[in-house]
Enquirer: 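Submitted below is the structure of interest, expressed as structure tokens.
Indexing begins at 1, ligand by ligand and atom by atom, following the structure's order.
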Amino acid sequence: MRVRAVELLTLRMPLVTPFTTSFSTQTERFPLLVRVLAETDGREVDGWGECVALTDLVYSSEYLDSAREVLRRYLVPAVFAAQAREAVTADGFAESVRHILGHRMAKAALEMALLDAELRLAGVSFGERLGATTASVPSGVSVGIHDSIDALLGSVGDYLDQGYVRIKLKIRPGWDVEPVRAVRDRFGDIPLQVDANTAYTLADAEHLRLLDAYDLLLIEQPLGEDDIREHALLARRMRTPMCLDESIVSTDAARDAIERGAAAIINIKAGRVGGYLAAVRIHDLAREAGVPVWCGGMLETGLGRAANTALAGLPGFTLPGDISASARFFAQDITEPFVLQDGRIRIPAGPGLGVEPLPDALEEFSQHALTLEAEHPPRPRAARERDAGPS
Ligand code: NPQ
Ligand code: MG
């Protein structure tokens, strides 16, 4: 496969409702799409990738503008340079950019686009390529922090009526035991878990132990991203299984967290670990260790959602993921919408991601576009911005 050009498309999409977590309230999503224009023996395809970085440094140290700049200045030129030596493959991508440190979400987006192009040319689906053993996956939903318990119970009731099979509540100091108790009292023994997004410290252990009374599936990332030792100490003091999200940035980090008793369960997000191929490796090592995994969500569009369903189809994904219907976050998605059917989401069966962005939707939500061509290496910033016009 030869990459002729790469487009970096920034979209702006309103969320159906504000989404409040311990680190922010989001009302819009700014997906950064990577479009690889590739060809082989005269056949041309577009491969699509999605970068899950947020606009601000609130979930991780990567953010939208950093990802776009690292793709423009380092990662895409590295692909162009590599293909001057030998044909580019998705399998070889991670190694070919190993010298560019960090920026896993940016790398994941380009690897995803290369993988999609390769698979479309080969007529193979993402699910097949990653090793999915099912045609659909159970769907959980992430429920933000609300202004009142009544409002929260209203939302949870709606999601259960829609068929979601597992509820995840966002928590933070001052909004934890009470909402969990209220949901348990109202809805009984539904599959229920919480996500703190690093909002607590070990000093809160006695308070967090109060959650043990509610038979939660897990507690997700209560402590800091780098606090593996503390999570292991907290895990020994709580009955609720410890699940890590932000901390698991690589296969080594996953192995380390498991061996140190800091993770009984792992939330796998391809963007956070550098791509879907690395995500499969973490799935494999967790399965080896008898550690259940589930697929986390980053408010992806239908492109990232298609790839996540394929990943969640692997046998070690034994817990429902945050793979919700498109309508959970977007009134209009950029692909055909993903819908809930009996609490499950179907894995697209077509070649590659099995979904394409709808041109009208791309047009509607497009905010900024940048094209990098293999023949013409990136031109100086001034020229480029003059062409791209006001962002
Ligand atoms: C998590 N995801 O599991 C993240 C947190 C999160 C579904 O809870 C824009 C983009 C807003 C990504 C807010 C879910 C976001 C975001 C929260 C991710 O920790
Ligand atoms: Mg999380």
Enquirer: Going by heavy atoms, is G297 under 4.0 Å from ligand 1?
Expert: yes
Enquirer: Considering only non-hydrogen protein atoms, determine which one is nearest to atom 6 (C) of ligand 1 and report residue, atom name and distance to 0.1 Å.
Expert: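 Answer for atom 6 (C) of ligand 1: F23 CZ, 3.8 Å.
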Enquirer: Atom CD of residue position E178 - does it have more than 12 heavy atoms of other residues, nucleotides or ligands inside 6.0 Å?
Expert: no
Enquirer: Going by the order shown, which atoms of ligand 1 are within less than 4.0 Å of some heavy atom of R29?
Expert: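 So the atoms of ligand 1 that pass are 9 (C), 10 (C).
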Enquirer: Is the closest heavy-atom distance from Q221 to ligand 1 below 4.0 Å?
Expert: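 Q221 does not count as a contact of ligand 1 under the 4.0 Å cut-off.
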Enquirer: Within a distance under 4.0 Å of any heavy atom of S142, pick out the atoms of ligand 1 and give their elements.
Expert: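 Atoms satisfying the 4.0 Å criterion: 7 (C), 8 (O), 14 (C).
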Enquirer: Suppose I only count heavy atoms of K170 and a 4.0 Å limit; which atoms of ligand 1 are within that range?
Expert: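 Answer, ordered by atom number: 1 (C), 3 (O), 4 (C), 5 (C), 8 (O), 14 (C), 19 (O).
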Enquirer: Whether the S60 and E62 side chains hold a donor-acceptor pair (N or O, under 3.5 Å, no angle test) is what I'd like checked.
Expert: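 Looking only at side-chain atoms, E62 and S60 do not form any donor-acceptor pair under 3.5 Å.
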Enquirer: Sequence neighbours left out, cut at 3.5 Å: what donor-acceptor pairs do the side chains of residues 159-166 make with other protein atoms?
Expert:
residue, atom, partner, partner atom, Å
Y159, OH, R328, NE, 3.3
Y159, OH, R328, NH1, 3.3
Y164, OH, A325, N, 3.0
R166, NE, Q193, OE1, 3.1
R166, NH1, V141, O, 3.4
R166, NH1, D322, OD1, 2.9
R166, NH2, P320, O, 3.0
R166, NH2, G321, O, 3.3
R166, NH2, D322, OD1, 2.9

Enquirer: Can you check whether V280 reaches L277 side chain to side chain, under 4.5 Å on heavy atoms?
Expert: no
Enquirer: Taking D212 for its side chain and R239 for its backbone only, find out whether a donor-acceptor pair lies under 3.5 Å.
Expert: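 Confirmed, D212 side chain pairs with R239 backbone.
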Enquirer: Please write down residue, atom name and distance for the protein heavy atom closest to atom 3 (O) of ligand 1.
Expert: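 Here the closest protein heavy atom is K168 NZ, 2.9 Å.
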Enquirer: Nearest 0.5 Å, what's the OG-CG distance between S148 and L153?
Expert: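 So the OG of S148 and the CG of L153 are separated by 8.0 Å.
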Enquirer: Run the numbers on L370 and L9 for side-chain contact (heavy atoms from CB on, under 4.5 Å), then give the verdict.
Expert: CA-CA 7 Å; L370 185 60; L9 301 170; over 6 Å; no
Enquirer: Using a strict cut-off of 4.0 Å, indicate which atoms of ligand 1 neighbour a heavy atom of D195.
Expert: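 Ligand 1 atoms under the 4.0 Å threshold to D195: 1 (C), 3 (O), 19 (O).
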Enquirer: Does any donor atom in the side chain of Q221 or S247 lie under 3.5 Å from an acceptor atom in the other side chain?
Expert: yes
Enquirer: Around atom 18 (C) of ligand 1, find the nearest protein heavy atom and jot down its residue, atom name and distance.
Expert: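 Its nearest protein heavy-atom neighbour is M298 SD, 3.7 Å.
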Enquirer: At what distance is the nearest protein heavy atom to atom 15 (C) of ligand 1, and which residue and atom is it?
Expert: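 Sorting protein heavy atoms by distance from atom 15 (C) of ligand 1 puts L299 CD1, 3.8 Å first.
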Enquirer: N/O to N/O below 3.5 Å, does that happen between E246 and ligand 1?
Expert: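 Such a contact does not occur with ligand 1.
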Enquirer: Checking side-chain polar atoms at under 3.5 Å, does T301 have a donor or acceptor matched by the opposite partner on E50?
Expert: yes
Enquirer: With a 4.0 Å heavy-atom cut-off (strictly under), which part of K269 contacts ligand 1: side chain, backbone, both or neither?
Expert: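 It is the side chain that touches ligand 1; the backbone stays farther off.
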Enquirer: If I take atom CZ from residue R4 and atom CG from residue D46, how far apart are they, to the nearest 0.5 angstrom?
Expert: 8.5 Å
Enquirer: Can you sort out which atoms of ligand 1 are near T21, meaning under 4.0 Å from one of its heavy atoms?
Expert: 17 (C)
Enquirer: For ligand 1, which atoms, with element, lie under 4.0 Å from some heavy atom of D245?
Expert: 1 (C), 3 (O), 19 (O)
Enquirer: Using a strict cut-off of 2.8 Å, how many protein N/O/S atoms surround the Mg ion (ligand 2)?
Expert: 3
Enquirer: May I ask you to check whether over 12 heavy atoms, not counting those of Y74, lie within 6.0 Å of atom OH?
Expert: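 Not more than 12 within 6.0 Å, no.
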Enquirer: Go through the steps for E225 and R272 under the test salt bridge (Lys or Arg N to Asp or Glu O under 4.0 Å), then give the verdict.
Expert: CA-CA 12 Å; E225 175 176 345; R272 196 192 61 222; over 6 Å; no
Enquirer: Start with the C-alpha distance between L210 and H207, add both sets of side-chain angles, then the distance that settles side-chain contact (heavy atoms from CB on, under 4.5 Å), and finish with yes or no.
Expert: CA-CA 6 Å; L210 297 173; H207 179 72; 3.6 Å; yes
Enquirer: Around atom CG of D342, are there more than 12 heavy atoms of other residues, nucleotides or ligands at under 6.0 Å?
Expert: no
Enquirer: Given that the side chain starts at C-beta and the backbone is N, CA, C, O, which of these parts of V52 lies under 4.0 Å from ligand 1, counting heavy atoms, or is it both or neither?
Expert: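 Neither part.
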Enquirer: Judging by distance only, is a nitrogen or oxygen of Y59 under 3.5 angstrom from one on ligand 1?
Expert: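 The answer is no, given that Y59 and ligand 1 share no N or O pair closer than 3.5 Å.
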Enquirer: Would you say the side chains of Y59 and D245 form a donor-acceptor pair under 3.5 Å?
Expert: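 Yes, because at least one side-chain N or O of Y59 sits under 3.5 Å from a partner of the opposite role on D245.
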Enquirer: For ligand 1, does Q26 get within less than 4.0 Å through its side chain, its backbone, both, or neither, judged by non-hydrogen atoms?
Expert: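 Side chain only.
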Enquirer: Give me the nearest non-hydrogen protein atom to atom 19 (O) of ligand 1 as residue plus atom name, then the distance to 0.1 Å.
Expert: N197 ND2, 2.8 Å
